[in-house]
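Take a look at the structure set out below.
Position 1 is the first residue of the sequence, and the numbers go up from there.
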Amino acid sequence: MSVPNPAATNQTTAVQPWNRDDHLDRLAEAEVDVLVIGGGASGAGVLLDALSRGLTAALVDRQDFMAGTSSRSTKLIHGGVRYLEQAFKGLDYGKYQLVREALAERKRMLSMAPHLAWPLTLITPVKSLIGLPYYRFGLGLYDVLSGSQRLGKSRIESTADMKRACPSLDIKPLKGGVSYMDGQFDDARFGIAMVRSAVEQGGTVANHVEVNELLKHDDGTVAGARCTDLLGKRSLTIRAKAVVNCTGPWTDTLRLQADPDAKPLMTVSSGIHVVLNKTLLPEGRGILIPETDDGRVLFMLPWLGKTLVGTTDDPAELSDRPEASQSEIDYIIKHINEWLDEPVSHSDISATFSGLRPLVSDPDESSTSGLTRDHVVLQDKGLFSLTGGKWTTWRRMAEDCMDIVVKTKGLNARACQTQELRLPGANGDTAAAEAALKDLPEDIADYLWQAYGDRAHLVLAEGSPERLVSEAPYVEAELVWAMRYEGACKADDVLYRRLRVGMLDQQAADQIGARLQQLVNAA
């Protein structure tokens, strides 16, 4: 494998197709510096970090890239307001540092792909007079900690302001509110752009590839992996100087393959989200419900033309396809309606999704909401495992992990170079995309810019700009682009991780699915 050019993703060059068969050929009997197992945010981050250091690197995932937790988040890029409160209440310097780190990474994500990540105002409604100065002080401190990374100032909101932001909000019991700014993003498309960036830097990747066995040296330490392409049933043997486990909720499963005596450390909780086909937030500002009657936080957020409400935090079992239960959906609807004077109903739901949170467990902790979201790097018989953490800090997590890998394995590598990374679609040369979009209906043009940035014209060059569903912005050309240039293999890869329609409107996804299946069968 060739050593990648770390600046490649920052250059405006001809975009080459992403041919999965070529990548499988390279993986058949590969030898690389770093093999990453798991293609979510953490895995893609480690891959990018390794490539930026001049190392050869490969990544495989049993499902599609971003198919698990990384496409099922609350879509927030945040510093961690709740962690800040916990830091001061518990005099916890570690959580304070976590907030500072996350605020710096939040700013990086927003500049890394401005079409996929953007600032978002969140309003916290307050029912008590004492609550207003309490929240205002805390969010003011959040502003101060943000420093040069601050996105905007927190402020007191009147009940009239809040009613404009959310006309269905019941303001009668409210004394006012406090607003602050965090970030929001399209999680799956951001992750796919990370993988695409790695491909353009010389990385080798394959989705739908299962690890059957970890290869080992004579001393029992991990030396690579024997895998199977689940689509073509082809066997792959990948030898690596370092193997990094980024399988999220399945972290312990792979650790036990490396060392049967490894102590399980993972606890899994589920977070479900409900998508409403109803415009509850016409100004584009979100609502943070600070505490339900059982002590949880709920978000009501504008997201890609819909209203996203979540999330729960309940113990869960491992599953490749977690689904929202009826009781969890009922919970979301019940608790959000407690804050509305125009309640929503189950008939307003256009889609639901559930994600598994990988939490590093404390044996003395009984509630999943108290387990740490901070990341850790573990070693088991030469297998490095990166787990915990959150979307916002993926880049820092990867850097910390690879620092340990490089030092432990004695790899000849430069320092991490991802601090100023720009993802595909954010190269800054916008003229061609703007010209291609100017004659399209406004909703399609806005959507294509948000999804593809300065590569929107390249997407349109792959096929027709005709709508796939009436009154929705998805176009025919995207289906071809997703399969030729974004590594999609199955219908679900496109519907749920490339177009996002499956996460937003299940009925529209079903309509597009029939046309998409024809392309999949012909591929």
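Ring planes of Trp481 and Tyr485: parallel class, angle under 30° (limits at 30 and 60°).
Residues passing the ring-ring contact (aromatic ring centres under 6.0 Å, His included) test with Tyr496: none are found, sequence neighbours excluded. A search for ring-ring contact (aromatic ring centres under 6.0 Å, His included) contacts involving His115 returns nothing, not counting sequence neighbours. Thr352 is linked by a side-chain hydrogen bond (donor to acceptor under 3.5 Å, both in side chains) to nothing, counting only residues two or more places apart in sequence or in another chain. Residues passing the salt bridge (Lys or Arg N to Asp or Glu O under 4.0 Å) test with Asp320 are Arg62, sequence neighbours excluded. Every side-chain hydrogen bond (donor to acceptor under 3.5 Å, both in side chains) that Arg396 has, sequence neighbours left out, goes to Asp400. Partners of Thr311 according to the side-chain hydrogen bond (donor to acceptor under 3.5 Å, both in side chains) rule, which considers only residues two or more places apart in sequence or in another chain, are Arg357.
The CZ atom of Arg108 lies 6.0 Å from the CD atom of Gln419; values are rounded to the nearest 0.5 Å.
Judged by distance alone, the side chains of Glu478 and Tyr447 do bring a donor and an acceptor atom under 3.5 Å apart. Looking only at atom types and distance, the side chain of Glu105 has no donor-acceptor partner in the side chain of Thr393 under 3.5 Å away. Using modelled atom types and a 3.5 Å distance limit, the side chains of Asp314 and Ser270 yield no donor-acceptor pair. Checking Asp510 against Gln506 by side-chain atom types alone, a donor-acceptor pair falls below 3.5 Å.
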- Query: Is there a salt bridge (Lys or Arg N to Asp or Glu O under 4.0 Å) between Arg106 and Asp182 once you walk through the steps?
  - Reply: CA-CA 8 Å; Arg106 179 187 70 178; Asp182 253 334; 2.6 Å; yes

- Message: If you apply the rule ring pair (Phe, Tyr, Trp, His ring centres under 6.0 Å), what do you find for Phe353 with Trp303, and how did you get there?
- Response: CA-CA 14 Å; Phe353 59 90; Trp303 191 63; 7.1 Å; no

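Here the rule is salt bridge (Lys or Arg N to Asp or Glu O under 4.0 Å) with Arg498, and of Asp492, Asp64, Asp186, Asp493 only Asp64 fits it. Checked against Ser385 for a side-chain contact (heavy atoms from CB on, under 4.5 Å), the options Ile37, Thr251, Thr247 give a single hit: Thr251.
Salt bridge status for Arg321 with Glu323: absent, with no side-chain N to carboxylate O gap under 4.0 Å.
Residues Leu499 and Leu479 are in side-chain contact: their nearest non-hydrogen atoms beyond the backbone lie under 4.5 Å apart. Between Val494 and Ile512, every side-chain heavy-atom pair lies at or beyond the 4.5 Å cut-off. With contacts defined as side-chain heavy-atom distances shorter than 4.5 Å, the pair Arg497/Gln63 does not qualify.
Under the 3.5 Å distance criterion, the side-chain polar atoms of Arg395 are left unmatched by any main-chain donor or acceptor of Asp49.
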